[in-house]
Amino acid sequence: MAGVDDLVRARAEFERGDWTAALRRWSEVDAASLTGQDLTDAAAAAHLLGRMAESVELYQRAHAERLRAGDLPGAVRSAFHLSMIAGTTGDPAVAAGWAARAERLLDELPAGSLEAGYVAFARMFGRLRAGRFEEAHACATTAAEAGRRHGDTG
């Protein structure tokens with residue numbers, strides 16, 4: 001069973017951009033020792049490597065872990081990523097479901113949170129799919145403003 005050193009190495013590999021090594025190392029660590037951030041980073045690594053099914057499974061685990069830990073902002077971001085993956089891989093119904101979950105969780109966060117920008121970005125895609133371009137533009141503006149206000153360049 002891998003230990004703390006392996007978690008530290010996985011995190012460092014991820015930060016270096018060695019996503020394959022990080023993902024391999026995270027998969028060898030006891031699942032109970034993975035934090036919501038570890039699961040999110042592993043999901044991002046899988047996504048960057050084109051391993052969508054693995055990415056979705058990891059984002060779902062991250063979402064559940066963040067909810068369990070009371071990390072609502074992190075849970076909103078996980079739901080956002082799941083919505084975006086589903087929306088860009090041809091499953092708009094699943095995308096809408098995850099976006100709705102993010103919206104519900106957002107109601108529990110303070111107004112003006114960074115996560116409101118993530119949710120606005122997800123809304124933008126729904127509006128684009130529906131051909132509601134002015135509304136999509138308004139959502140994009142809201143998302144960009146939230147990112148600037150919170151210094152989030154991601």
Side-chain angles (χ1 to χ4, degrees), residues 1-109 113-130 136 139-140 142-144 146-147 150-154:
M1 185 158 75
V4 173
D5 288 342
D6 287 317
L7 279 175
V8 171
R9 284 188 197 106
R11 293 167 184 157
E13 289 161 345
F14 178 78
E15 289 302 316
R16 267 197 325 270
D18 191 352
W19 302 308
T20 302
L23 197 54
R24 181 177 352 94
R25 196 171 307 273
W26 271 313
S27 71
E28 295 168 354
V29 173
D30 177 27
S33 65
L34 296 175
T35 66
Q37 189 61 53
D38 289 327
L39 291 164
T40 297
D41 290 345
H47 191 193
L48 289 164
L49 293 168
R51 295 158 60 173
M52 292 306 151
E54 187 173 2
S55 180
V56 166
E57 187 265 331
L58 287 161
Y59 274 125
Q60 288 172 339
R61 287 176 53 201
H63 180 75
E65 174 56 27
R66 288 180 182 274
L67 284 175
R68 187 201 63 71
D71 176 8
L72 292 181
V76 170
R77 289 189 304 274
S78 294
F80 162 80
H81 287 293
L82 287 159
S83 175
M84 294 305 298
I85 291 170
T88 58
T89 58
D91 201 340
V94 170
W98 280 108
R101 185 173 295 188
E103 294 263 5
R104 285 191 303 276
L105 290 171
L106 184 63
D107 289 341
E108 299 179 42
L109 295 176
S113 68
L114 171 61
E115 289 68 32
Y118 282 92
V119 170
F121 194 83
R123 273 189 216 124
M124 177 192 71
F125 274 91
R127 302 313 189 266
L128 286 172
R129 277 192 298 276
C139 292
T142 299
H150 293 279
D152 187 314
T153 59

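Note that this is a predicted model, so its numbers are computed, not measured. The residues of the chain are indexed from 1 along the displayed sequence.
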What are the two closest heavy atoms between [X] and [Y], and how far apart are they?
X	Y	answer
Arg129	Gly87	NH1-CA, 4.2 Å
Ala143	Gly117	CB-O, 3.3 Å
Ala75	Leu67	CB-CD2, 3.7 Å
Leu114	His150	N-NE2, 3.3 Å
Cys139	Arg127	SG-CG, 4.2 Å
Ala102	Ala79	CB-CB, 3.8 Å

Going from [atom1] on [X] to [atom2] on [Y], what distance comes out if it is rounded to the nearest 0.5 angstrom?
X	Y	atom1	atom2	result
Leu58	Glu65	CG	CD	12.5 Å
Thr35	Asp41	OG1	CG	7.5 Å
Arg77	Leu105	CZ	CG	11.5 Å
Glu13	Leu23	CD	CG	10.5 Å
Glu57	Leu39	CD	CG	8.5 Å
Phe125	Phe80	CZ	CZ	7.5 Å

Next on the checklist: Has Thr40 got a side-chain atom pairing as donor or acceptor with Gly36's backbone, closer than 3.5 angstrom?
Outcome noted: yes
Checklist entry - Checking Ser78 side chain against Gly74 main chain: does a donor-acceptor pair fall under 3.5 Å? => result yes
Next on the checklist: Before you tell me yes or no, could you show the steps for Arg104 and Asp107 under salt bridge (charged side-chain N to carboxylate O under 4.0 Å, His left out), namely the whole-Å CA-CA distance, both residues' side-chain angles and the distance that decides it to 0.1 Å?
Outcome noted: CA-CA 5 Å; Arg104 285 191 303 276; Asp107 289 341; over 6 Å; no
Checklist entry - What residues form a salt bridge (Lys or Arg N to Asp or Glu O under 4.0 Å) with Arg101, not counting sequence neighbours? => result none
Item to check | Validation row: Trp98, Gln60 side chains within 4.5 angstrom (heavy atoms) | outcome: yes
Checklist outcome for this item: Exactly one of Arg25, Arg24, Arg11 clears salt bridge (charged side-chain N to carboxylate O under 4.0 Å, His left out) with Asp6, and that residue is Arg25
Checklist entry - Going through the distances and angles, do Leu34 and Arg61 end up as a side-chain contact (heavy atoms from CB on, under 4.5 Å)? => result CA-CA 10 Å; Leu34 296 175; Arg61 287 176 53 201; 3.7 Å; yes
